[in-house]
4 protein chains.
Amino acid sequence: MPKVSQSYLDARRAQILDAAVVCFSREGFHQTTMKDIVKQSKLSPGAIYNYFESKEQIIEAIAKERHAKERLLLTEARKNSNIASVLERIRDAFFGELRDPNERLRKRVSIQMWAEAQRNPRILKIVRRGVDGPRKLLSAIISDAQRKGEISIEVNPNAAARFMIAAFQGFVLQMEWDRKINEQPYLRLLDTFLKSLSPSV
Amino acid sequence: MPKVSQSYLDARRAQILDAAVVCFSREGFHQTTMKDIVKQSKLSPGAIYNYFESKEQIIEAIAKERHAKERLLLTEARKNSNIASVLERIRDAFFGELRDPNERLRKRVSIQMWAEAQRNPRILKIVRRGVDGPRKLLSAIISDAQRKGEISIEVNPNAAARFMIAAFQGFVLQMEWDRKINEQPYLRLLDTFLKSLSPSV
Amino acid sequence: MPKVSQSYLDARRAQILDAAVVCFSREGFHQTTMKDIVKQSKLSPGAIYNYFESKEQIIEAIAKERHAKERLLLTEARKNSNIASVLERIRDAFFGELRDPNERLRKRVSIQMWAEAQRNPRILKIVRRGVDGPRKLLSAIISDAQRKGEISIEVNPNAAARFMIAAFQGFVLQMEWDRKINEQPYLRLLDTFLKSLSPSV
Amino acid sequence: MPKVSQSYLDARRAQILDAAVVCFSREGFHQTTMKDIVKQSKLSPGAIYNYFESKEQIIEAIAKERHAKERLLLTEARKNSNIASVLERIRDAFFGELRDPNERLRKRVSIQMWAEAQRNPRILKIVRRGVDGPRKLLSAIISDAQRKGEISIEVNPNAAARFMIAAFQGFVLQMEWDRKINEQPYLRLLDTFLKSLSPSV
DNA sequence: AATGAATGAGATTTCATTCAT
DNA sequence: CATGAATGAAATCTCATTCAT
């Protein structure tokens, strides 16, 4: 099957990554065997190794994909001029995604990444970039807002950014352990927190 | 079969668990081999299998140990009559621990557990209990406070508890990826958040 | 199926064999992958399999090529009427070749063949023929010389032929392991040996 | 099976190496699979990897063993005071071994080593040492003999040493390809050669 | 109770070869 | 005739666990 188009190659690559996400979300990186991915992707071992040099590289590729996706979400959100609506958009983008079952799979894989980052420097780098992007953006938004007097100058923008991210990360974790968790009250609290950053009268 | 004292047995067991924590925090559960634990513990494979039936059981034992430790922290904190100081104590207990290098190792292992819980029901159970305890306690405290008028009745106690836990979990993660992270501004924001729960005048 | 000229086909074939020699001399038969040959030949796997049915057949083809080449050398040498000059020509032909870097590559492949002959009957056959030809020729020359009284009748012609071949084979081996080896004194010794075959006065 | 004696370990190691020699002599290094060695040695894969880190290391260990054995032969031979008998002893030691079927196996493996040395620097080093030892010794013996006037000063000792070694190496090769080869006439020629080194009257 | 050599299923990866285009 | 993606058997090596001593 020679001389195939780039889109053919891209489709095959995506096929492998999608299969890997399903497997990883189910069994974790290390309990997932290449055989599992082979089966899930309906390809052969050799075919997979034509696209990725190793299992590790598949994991990396998934992490990078995540990274790219989140960057896109942020870039989109940032287009809003109004500060409140930027934050709102970010919030909706991230929390909204959690309702998509497919995205849930990917979040499960993200948790795997957090663990994997501890021993795999390449994953660490990707995960770190994945958090640093949002953090810097949020931090910049808050700084802007402070200049406009919309947020108290007492607030440390960086810490606030971290706090918001933590609120999301923690929610992702807790949702994994308890599917019945209700998102609405949690989001209201997040709003309460965001309002608490406003300058006190 | 030499007969030895219980304290001897306990010491051996602790020796294994400590060694395992060091290994797991370094390489993760799955990249840690029994050989690694053997080496780190300065025992032999056979000896370890006298105390634990499998590698999985070692992981479980560590998770349970964590669980017990955190329950102790909470029980201690709860002794305070004043609500603000209970929350303060809890906050200090959890965040304060992070300064201890030994405890940092264990937090690294906790992150591993979060990932492991996805595919190991026994770990999931332990991890879940580890979160449910604090959550219920915090929730109860908030409910109490609401009754006393110290916290707005608008607040969903359970969601607030989750939010506080998330603030901690997220901090643990972000600290892993960026050791230079500063705890002080983060804690101030946590306080800001807690205050924002008070009834508005 | 485009129709191409025979010379085109021959050129393609030679291209593959040359590439294979380079690869084999570098990494040996078994460490050389078809991919290596593909790369070196600047062709594609499919193209190569149009000319050879398998990797084994490429090895065989190289062995046969060697064989043909050496037969040519011997045929040429034999044209000399004088016995001493036949031997001299043979000696020069074989040892002289070793100065050509390209030929050195092929000698490296020959050593591989010696090993390969142990388990591959087809290679064994080719290698054996490659030695038997020279051996029989040398043996015949010596017998002739004995009849003419130029070589002692004590000498076993076949053993003498083997001995000369061994002198060459051993030199090829030792040259591989020590490039600084000096050919001149070695050749003088070979002459000494040849002279020692003359009838004692 | 813990706490076993050193001799137990040595026996196991030898068991593996012996099995490997059988396999390698039959199929060559690269066609021999670890499974073959496992079967032949009647051990398990894991057991073998307790003694050797890789297949390559098994090959190396065999090469080193050869090397040690040959050094022993030379050391023994050297004990003779008389030059002629030293050479005779060396000749007998090396050629005599070839009659032992077990030793024939090992010679087959030696031929493999010659090929392997081309791409494996560690094997090259061992093979080279295995040739350099005898070469230097033979060279020294010839130099001695020249001082005593027993060998012509025209002879280059080093080249003569190489020549003798070549006579052996070539014989080993040719014997592999033709089992019916007769050793006696060959050895007589070797003697003729050695005598031809004496100073001419 | 401790030791550590042995086990052997199974994991990752390779690579000669094929065949649709 | 050429291409090169796909195949899948098979190779090397790992590692949790066992058990004779």
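Values reported hereafter were calculated over all heavy atoms of this structure, with side chains retained and with hydrogens, waters and symmetry mates removed. Just so it is clear: chains get the letters A, B, ... in the order the sequence lines come, proteins before strands, and each one is counted from 1.
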State which residue, out of A:Leu105, A:Val109, A:Asp36, fulfils the side-chain contact (heavy atoms from CB on, under 4.5 Å) condition with A:Val22. A:Leu105
Look up atom CD1 in A:Ile48 and atom CD in A:Gln15, then write down how far apart they are to the nearest 0.5 Å. 9.0 Å
Within the 4.0 Å heavy-atom criterion, would you say D:Phe52 contacts the bases, only the backbone, or no part of the nucleic acid? nothing
Spacing of B:Ile48 atom CD1 relative to F:dA16 atom C1', expressed in whole Å: 11 Å
For C:Leu9, which contact category applies under a 4.0 Å heavy-atom criterion: base, sugar-phosphate, or nothing? sugar-phosphate
Interatomic distance where NZ belongs to D:Lys42 and P belongs to E:dA5 [whole Å]: 23 Å
Length of the line joining D:Asp10:CG and E:dA5:C1', which is rounded to integer Å: 15 Å
pair_partner(F:dA20), Watson-Crick or wobble, both distances < 3.5 Å, evaluates to E:dT3
If I take atom NZ in residue D:Lys39 and atom C1' in nucleotide E:dG8, what distance separates them, rounded to the nearest angstrom? 16 Å
Round to the nearest Å and state the distance from D:Ile37 atom CD1 to F:dC13 atom P. 10 Å
Under 3.5 Å, sequence neighbours excluded: what are the donor-acceptor pairs made by side chains of residues 115-124 of chain B?
residue, atom, partner, partner atom, Å
B:Glu116, OE1, B:His30, NE2, 2.9
B:Glu116, OE2, B:Arg119, NH1, 2.7
B:Gln118, OE1, A:Gln112, NE2, 3.0
B:Gln118, NE2, A:Arg108, O, 3.1
B:Arg119, NE, A:Glu27, O, 3.4
B:Asn120, OD1, B:Arg122, N, 3.0
B:Asn120, OD1, B:Ile123, N, 3.3
B:Asn120, ND2, B:Glu56, OE1, 3.0
B:Arg122, NE, B:Glu60, OE1, 3.1
B:Arg122, NE, B:Glu60, OE2, 2.6
B:Arg122, NH2, B:Glu60, OE1, 3.1

Is the phosphate of E:dA2, meaning OP1 or OP2, less than 4.0 Å from a side-chain N or O of B:Tyr8? yes
Can you check each nucleotide of nucleotides 10-16 of chain E against protein heavy atoms at under 4.0 Å and return B for base, S for sugar-phosphate only, - for none, in 5' to 3' order? -SSBBBS
Roughly how many Å is it from OH in B:Tyr51 to C1' in E:dA1, rounded to a whole number? 7 Å
Taken to the nearest whole Å, CG/B:Asn50 to P/F:dT17 is 14 Å
Between F:dG8 (P) and A:Leu43 (CG): distance, integer Å: 11 Å
